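It should be emphasised that the depicted structure is a prediction, and the values quoted were computed from it without experimental measurement.
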Amino acid sequence: MNFTRYRRPSAFLLLAVTVVLGAAAVAGLGSGGEGALVLLIELREYVPLLGWLALVAMTGAVLLGLKESLLRSPVVTTLLVVGVPMLLIGGFVSAAFGDDEEVETEAAAPGRGDRRFVVTLGGYAPTSKRPSDRRDACPRM
């Protein structure tokens, strides 16, 4: 079977996946604070994984899209030589200096059976698992 006719559409699909993963990582990093969507807060925890997946998708797009080009090897080498150390350093910084959210108290919300009250140290905890809900901040005392 000849799969060469699928090379360009596959490369374009991988490039689109790279853009979507990058946009999800940026949206996750940009979210936070009072009133943020639960879905975006959850994405914040997976930014290093999204970065690795985007790097793999971009490398695959270059390998599939630039079949007989002289730019194929330099572009892939640059992606891997720059991308891998940056993701390793970013993962280390995220792990070392990231927010530690420890749940101090958790109880049912007064008067609302569908919600719960969560007190955390050093951050926020979502009170709902629905992605369209927003998170409210509690004032510090």
Could you give the distance from CG (L64) to CG (L15), rounded to the nearest 0.5 Å?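 Answer for the CG-CG pair, L64 versus L15, is 11.5 Å.
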In this structure, CG of L66 is separated from CG of L71 (nearest 0.5 Å) by 6.5 Å
Looking at R7, I want to see if its CZ is surrounded by more than 12 non-hydrogen atoms of other residues, nucleotides or ligands under 6.0 Å. yes
Quick one, Y46 and L53 - any side-chain contact, counting heavy atoms below 4.5 Å? no
pair W52-L88: side-chain heavy atoms closer than 4.5 Å: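 Sidechains of L88 and W52: in contact.
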Only residue of L43, L50, V47 satisfying side-chain contact (heavy atoms from CB on, under 4.5 Å) with L29 is V47
key: Partner of L63 under side-chain contact (heavy atoms from CB on, under 4.5 Å), chosen from L14, V75, V76   =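 The side-chain contact (heavy atoms from CB on, under 4.5 Å) with L63 is passed solely by V76 among L14, V75, V76.
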- request: Say whether V20 and L49 are linked into one hydrophobic cluster, either directly or through other cluster members, by side-chain heavy-atom distances under 4.5 angstrom.
  value: no
Grouping I, L, V, M, F, W and Y whenever their side-chain heavy atoms are under 4.5 Å apart, do V84 and L87 come out in a common cluster?
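Cluster IDs for V84 and L87 match.
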When every non-hydrogen atom of A57 is compared with those of V17, the smallest separation belongs to CB-CG1, 4.2 Å
